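Read through the structure below, which is laid out as structure tokens, and then see the notes.
A note on names: the letters A, B, ... follow the listed sequences, proteins ahead of strands, and every chain is numbered from 1. Only a predicted model underlies this, so the values are computations on that prediction, with no experimental measurement involved.
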Protein chains: 2
Amino acid sequence: MSTSTVDSTDPRTRRHEAKRARIVAAAWELARRDGVGAISLRELAAAVELRQPSLYAYFASKLDLYDAMFHEGNSRLLERLDALPPTDDAREAVKRYARAFTEFALEDPARCALLLQRPIPGFEPTADSYAVAQQVVACFVERLHAAGMVDPGDVDCMTAMVGGLIDAQQSNDPGGDRWVRHLDRLVELHLDDAQRQRHHRQEGQ
Amino acid sequence: MSTSTVDSTDPRTRRHEAKRARIVAAAWELARRDGVGAISLRELAAAVELRQPSLYAYFASKLDLYDAMFHEGNSRLLERLDALPPTDDAREAVKRYARAFTEFALEDPARCALLLQRPIPGFEPTADSYAVAQQVVACFVERLHAAGMVDPGDVDCMTAMVGGLIDAQQSNDPGGDRWVRHLDRLVELHLDDAQRQRHHRQEGQ
DNA sequence: GTCTATACATCGATAGAC
DNA sequence: GTCTATCGATGTATAGAC
């Protein structure tokens, strides 16, 4: 039983995980250079001084590699968001969260593509990897609630707006701020509108 | 001189253009079935009863085929938008335009992917094809102006919002209306906010 | 367990006959 | 314009050495 169980203190599995991480890092480098969809397993293997078939000792398939990249990227995003300085101002907290998310996404077009869009035909995140992505959303929703945005529809509008800004920025003005500079204002606009809607609903009852 | 010039009345070039259009139509079919990025030139050739190398008599490369698809898709979108019933109400006109655009995008995930996102590594629209896409934007901006939204920043916010809704809808709830149902409300929210900003600016001067 | 070596199917693209 | 033949590269997979 103990031999079949994953043991993170086992030096062998530790080395294995370390090399896996090294491969994922090299894959991100290639993705940044050529695009996420243009990663060649042979070139990736060469980058970590392996032969291509040896990669299959670490990943069951190329889609499995993408899943590992997806997981790693979302984990980093979650770290970044967890490290945000806390605030008593709930609205300020929302803005910081949205800003950090946006900055993270725009730092790296390749990362942005894999995490936010679906550029790989046939790639669907594992339940495990998807859970990390869900955590990012859940954490955002939490802060929106704290800032008075409780209606799920309003939350959807907010997330769509942030995603839309990032997408437009990435696609039409990479490296600039033509769209992203409106982030704070639009976050406030949505928060205010949600507040207004809430009052209307209360009056309506 | 006349032999080297493109003559659309020449039956030979007309047949050529017709077959090119047939190939593009078949390519869209494959894109709908397998995804835009998963089109196989051999399968496409078989669909129009040709051998794979014969496609190169109609397209210089696979990217050239994608460009033709991009052009055709945007042309159809422009037709659709031009056919919208006119209104005296400028705000209503904006909403109709945004609604038609959204409907068009969501009708076909593959079309949505090629026209709005950049799912093909290395694909950049030709200047000619891009011009059609620009026309769609220009027409939207025109109606926004008529509805009192004159600030370019506000226009950017509006386009990003519409794109964000479409993207979220397509990615997270294909076929549903969880995000898109807020379109009208958000268009009005942005129009109202632009109006408010304009008054602030006038007061500030 | 991890590696080398190799085979296989498929892909986009090109050359040249007709 | 359409074909056959072929190229180089890719992702996938297996066999077998150590």
Side-chain angles (χ1 to χ4, degrees), chain A residues 2-24 26-27 30-31 33-70 114 119-124, chain B residues 3-4 6-7 10-24 26-27 30-31 33-70 114 119-124:
Chain A
S2 64
T3 55
S4 68
T5 308
V6 174
D7 180 8
S8 61
T9 64
D10 179 11
R12 262 188 318 207
T13 69
R14 285 187 65 87
R15 268 208 327 229
H16 192 268
E17 288 306 309
K19 190 145 193 176
R20 217 178 116 101
R22 245 193 86 207
I23 298 172
V24 169
L30 290 182
R33 202 193 59 187
D34 302 327
V36 213
I39 293 179
S40 155
L41 290 191
R42 281 177 172 84
E43 202 175 0
L44 173 60
V48 294
E49 290 173 306
L50 285 177
R51 308 291 175 161
Q52 174 260 329
S54 303
L55 291 178
Y56 285 80
Y58 300 93
F59 305 96
S61 70
K62 197 181 188 183
L63 293 182
D64 191 33
L65 166 70
Y66 282 126
D67 189 62
M69 295 172 71
F70 183 85
L114 184 61
I120 310 298
F123 169 60
E124 284 297 316
Chain B
T3 56
S4 66
V6 175
D7 179 8
D10 179 12
R12 263 188 319 211
T13 69
R14 285 187 67 86
R15 268 208 328 228
H16 191 271
E17 288 306 308
K19 190 145 194 176
R20 216 178 116 102
R22 245 194 85 207
I23 297 172
V24 169
L30 290 183
R33 203 194 59 189
D34 301 328
V36 212
I39 293 178
S40 155
L41 290 190
R42 280 177 172 82
E43 202 174 0
L44 174 58
V48 294
E49 290 174 305
L50 285 178
R51 308 290 177 167
Q52 175 257 331
S54 303
L55 291 178
Y56 285 80
Y58 299 93
F59 305 97
S61 69
K62 198 182 186 182
L63 293 182
D64 190 32
L65 166 69
Y66 282 126
D67 190 62
M69 295 171 72
F70 183 84
L114 184 60
I120 310 299
F123 169 61
E124 285 298 318

Ignoring backbone atoms, establish whether [X] has a side-chain N or O less than 4.0 Å from OP1 or OP2 of [N].
X	N	value
B:His16	D:dG1	yes
A:Ser40	D:dA9	no
B:Lys19	D:dT2	yes
B:Arg51	D:dT2	no

- Picking from A:Val24, A:Asp67, A:Leu41, what satisfies side-chain contact (heavy atoms from CB on, under 4.5 Å) with A:Phe59?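 Single side-chain contact (heavy atoms from CB on, under 4.5 Å) partner of A:Phe59 among A:Val24, A:Asp67, A:Leu41: A:Val24.
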- Task: Assess whether side chain to side chain contact (heavy atoms under 4.5 Å, CB included) is satisfied between A:Leu55 and A:Leu44, documenting all intermediate values.
- Result: CA-CA 9 Å; A:Leu55 291 178; A:Leu44 173 60; 4.1 Å; yes
Which nucleotide in [options] has an atom nearest any side-chain atom of [X]:
X	options	answer
B:Gln52	D:dA13, C:dA13, D:dT2	C:dA13
A:Ser54	D:dG1, C:dT4, D:dC3	C:dT4
B:Arg42	C:dT4, C:dC11, D:dG1	C:dC11
A:Tyr58	D:dG1, D:dA13, C:dT2	C:dT2

- Message: If the condition is side chain to side chain contact (heavy atoms under 4.5 Å, CB included), which residues does B:Tyr58 pass it with, not counting sequence neighbours?
- Response: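 Testing B:Tyr58 for side chain to side chain contact (heavy atoms under 4.5 Å, CB included), a comparison that skips the adjacent residues, returns B:His16, B:Lys19, B:Arg20, B:Ile23, B:Leu50.
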Euclidean distance, atom [atom1] of residue [X] to atom [atom2] of [N] [Å, nearest integer]:
X	N	atom1	atom2	result
B:Leu50	D:dT2	CG	P	5 Å
A:Arg22	C:dT2	CZ	C1'	15 Å
B:Arg12	D:dG1	CZ	C1'	12 Å
A:Ile23	C:dC3	CD1	C1'	13 Å

Quick one: label [X] by what it contacts on the DNA or RNA (base, sugar-phosphate, nothing), any heavy atom closer than 4.0 Å.
X	result
A:Ile39	sugar-phosphate
B:Leu65	nothing
B:Tyr56	base

- Using atom types as modelled and distance alone, determine if a side-chain donor or acceptor of B:Tyr66 lies under 3.5 Å from a backbone N or O of B:Val36.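 Yes, because the side chain of B:Tyr66 sits within donor-acceptor range (under 3.5 Å) of the backbone of B:Val36.
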- Which residue lies more 5' along DNA chain C, comparing B:Glu43 with A:Leu55 via nearest heavy atoms: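 Result: A:Leu55.
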